Amino acid sequence: MALRLEATSCSLIRLGLLIIMVAQQSAARKLTDGYEKDIEQFVNMKINDQTNTHIKEVDDGHQKMSKNHMHVHAPSHMEHLDPLLYVFFTLGDLKAGKKMPIYFPYSRPSETPKLLPREEAESIPFSTSQLEYLLTLFSFPRDSPQAKAVEYTLKQCELESINGETKFCATSLESMLDFAIKMLGSETQLKVLTSSRLSNSTVLLQNYTILEEPRETVAAKMVACHSMPYPYAIFYCHCQESNNRLFEILLVAENGDRVKASAICHMDTSQWDKDHASFKVLKTKPGASHVCHFVSTDSLVWLAA
């Protein structure tokens with residue numbers, strides 16, 4: 001099966017070439033050591049370094065950030081929000097010259113959880129019913145922040161899907177690709193998008209300005225995969241057939257940082273939980289308005305090319 005990926009950067013193009021090689025060996029469903037290493041390096045660059053921080057410092061589901069990682073003057077109604085919530089906006093904000101506070105993770109590949117080969121990942125239980133065994137396996141004390149992070153991820157992966165949504169937690173690159181192909185069609189040519197920092201800044205939250213008119217991609221169906229806090233790489237993937245709009249946006253920050261960002265606008269939120277964080281940020285409720293959000297640098301969005 002041929003699998004072609006278009007990418008948002010040279011690194012993504014390289015990933016596409018590597019995945020083509022992997023897909024051509026799908027009958028064996030096994031990566032050679034060389035391919036595994038190269039793909040792992042790329043995906044780990046996209047895993048938020050805050051995932052690692054979350055494993056170390058998780059407390060009631062919130063991450064901690066030092067003040068030197070924030071540089072922002074937020075609107076008054078957003079001043080007391082968790083910094084991680086500065087990702088939501090509306091279509092009215094998508095115009096050249098618009099300025100807004102945005103949170104973008106900073107990735108440290110050397111410190112992020114690593115991808116496991118499928119065979120190894122499938123040999124490790126991934127269930128809340130096996131939590132005590134897993135904490136012993138990872139040598140995490142039961143009341144430690146690490147244990148809370150492991151339990152949080154397992155519970156999130158076991159939650160029921162909302163109406164019209166299919167979700168899956170991928171414990172390996174192969175399983176993530178399998179899910180994307182299953183959702184989008186075995187004959188579909190795939191495209192993958194993410195958000196990429198174009199500079200090596202460690203500022204996580206600051207004001208950004210949209211440099212040019214955003215470019216829209218039609219995407220009636222997509223698979224979004226987000227990294228989760230865990231000792232090794234776990235991606236929470238979900239797919240929902242609904243009216244979505246996908247944008248690529250070039251941003252510049254007050255300190256000169258540039259980000260080539262992807263953003264998704266969900267036009268139908270009627271099935272969303274009323275307590276979804278976006279409604280608090282945007283002052284709306286399920287079904288009353290669309291919700292847009294930036295794609296994190298630790299996430300991948302798969303769609304038909």
Side-chain angles (χ1 to χ4, degrees), residues 43-44 46-65 81-85 87-88 103 105 112-116 118 120-176 178-180 182-183 223-240 264 266 269 271-281 286 291 293 295-296 298-301:
V43 178
N44 283 329
K46 292 300 172 191
I47 297 177
N48 181 357
D49 75 322
Q50 290 298 299
T51 298
N52 195 49
T53 303
H54 204 150
I55 286 287
K56 295 177 180 176
E57 301 182 347
V58 126
D59 185 9
D60 296 328
H62 292 286
Q63 293 171 309
K64 301 174 182 178
M65 296 200 312
L81 292 178
D82 185 322
L84 277 71
L85 298 183
V87 294
F88 299 108
Y103 175 90
T112 55
K114 304 300 181 183
L115 281 162
L116 297 183
R118 184 203 295 268
E120 183 177 353
E122 292 183 348
S123 71
I124 303 173
F126 190 76
S127 168
T128 52
S129 66
Q130 297 294 316
L131 179 60
E132 297 304 322
Y133 168 78
L134 289 168
L135 297 183
T136 300
L137 178 67
F138 301 140
S139 299
F140 292 162
R142 185 63 183 87
D143 295 325
S144 67
Q146 296 94 329
K148 291 180 182 180
V150 168
E151 184 174 14
Y152 168 80
T153 291
L154 292 172
K155 286 184 175 180
Q156 290 299 307
C157 289
E158 292 177 358
L159 287 176
E160 289 188 10
S161 302
I162 63 174
N163 290 341
E165 179 188 52
T166 304
K167 71 182 186 69
F168 171 73
C169 279
T171 58
S172 65
L173 179 65
E174 299 99 318
S175 62
M176 178 165 57
D178 283 349
F179 181 72
K182 178 182 178 181
M183 292 294 100
V223 175
C225 295
H226 317 281
S227 70
M228 299 291 286
Y230 213 70
Y232 55 90
I234 300 293
F235 281 87
Y236 180 102
C237 300
H238 57 109
C239 177
Q240 185 175 15
I264 300 172
H266 303 277
T269 61
Q271 298 299 316
W272 290 23
D273 190 308
K274 63 180 178 62
D275 295 322
H276 194 283
S278 63
F279 298 137
K280 177 181 178 181
V281 175
V291 168
H293 64 87
V295 174
S296 174
D298 65 347
S299 299
L300 300 171
V301 179

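Fair warning: this is a prediction, and the values are worked out from it, not measured in the lab.
- Using cut-offs of 30° and 60° on the angle between ring planes, the pair His293 and His266 is parallel.
- Ring pair Tyr232/Phe126: centre-to-centre distance not below 6.0 Å.
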Take Leu154 and Met228 through the test side-chain contact (heavy atoms from CB on, under 4.5 Å) and record every step on the way to the result.
CA-CA 10 Å; Leu154 292 172; Met228 299 291 286; over 6 Å; no
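- Classification of the His276-Trp272 ring pair by plane angle, with boundaries at 30° and 60°, yields tilted.
- Judged purely by distance below 3.5 Å, without hydrogens or angles, the side chains of Ser299 and Ser296 never pair a donor atom with an acceptor atom.
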Using the rule given for side-chain contact (heavy atoms from CB on, under 4.5 Å), can you reason through His238 versus Met183, listing the C-alpha separation, both sets of side-chain angles and the distance that settles it, and then say yes or no?
CA-CA 9 Å; His238 57 109; Met183 292 294 100; over 6 Å; no
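- Side-chain contact between Ser127 and Ser129 is present, with at least one heavy-atom pair separated by less than 4.5 Å.
- Counting heavy atoms from C-beta on, the side chains of Glu174 and Leu115 never come closer than 4.5 Å.
- Around atom CG of Asp143, no more than 12 heavy atoms belonging to other residues, nucleotides or ligands sit under 6.0 Å away.
- Here Met176 contributes atom CE and Arg118 contributes atom CZ; the two are 11.5 Å apart, rounded to the nearest 0.5 Å.
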Which is it for Ile124 and Leu134 under the side-chain contact (heavy atoms from CB on, under 4.5 Å) test, yes or no, and what are the steps along the way?
CA-CA 8 Å; Ile124 303 173; Leu134 289 168; 3.9 Å; yes
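- Annotation: the span from Glu122 atom CD to Glu120 atom CD amounts to 11.5 Å, rounded to 0.5 Å.
- The SG atoms of Cys237 and Cys225 sit under 2.5 Å apart.
- Two residues are said to be in side-chain contact when any heavy atoms from C-beta on lie closer than 4.5 Å; Ile264 and Val295 meet this criterion.
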Working note: Thr166 + Phe179, criterion side-chain contact (heavy atoms from CB on, under 4.5 Å); need CA distance, chi angles, decisive distance, verdict.
CA-CA 10 Å; Thr166 304; Phe179 181 72; 3.9 Å; yes
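- Closest heavy-atom contact between Val223 and Ala180: CG2-CA, 4.2 Å.
- A donor-acceptor contact shorter than 3.5 Å links the side chain of Lys167 to the backbone of Cys157.
- Phe279 and Asp273 make their closest contact through CE1-O, 3.2 Å (heavy atoms, listed as atom of the first residue, atom of the second, distance).
- For the pair Ala121 and Ser172, the tightest heavy-atom approach, listed with the atom from each and the gap, is CB-CB, 4.4 Å.
- Looking only at side-chain heavy atoms (C-beta outward), Thr153 and Tyr236 stay at 4.5 Å or farther from each other.
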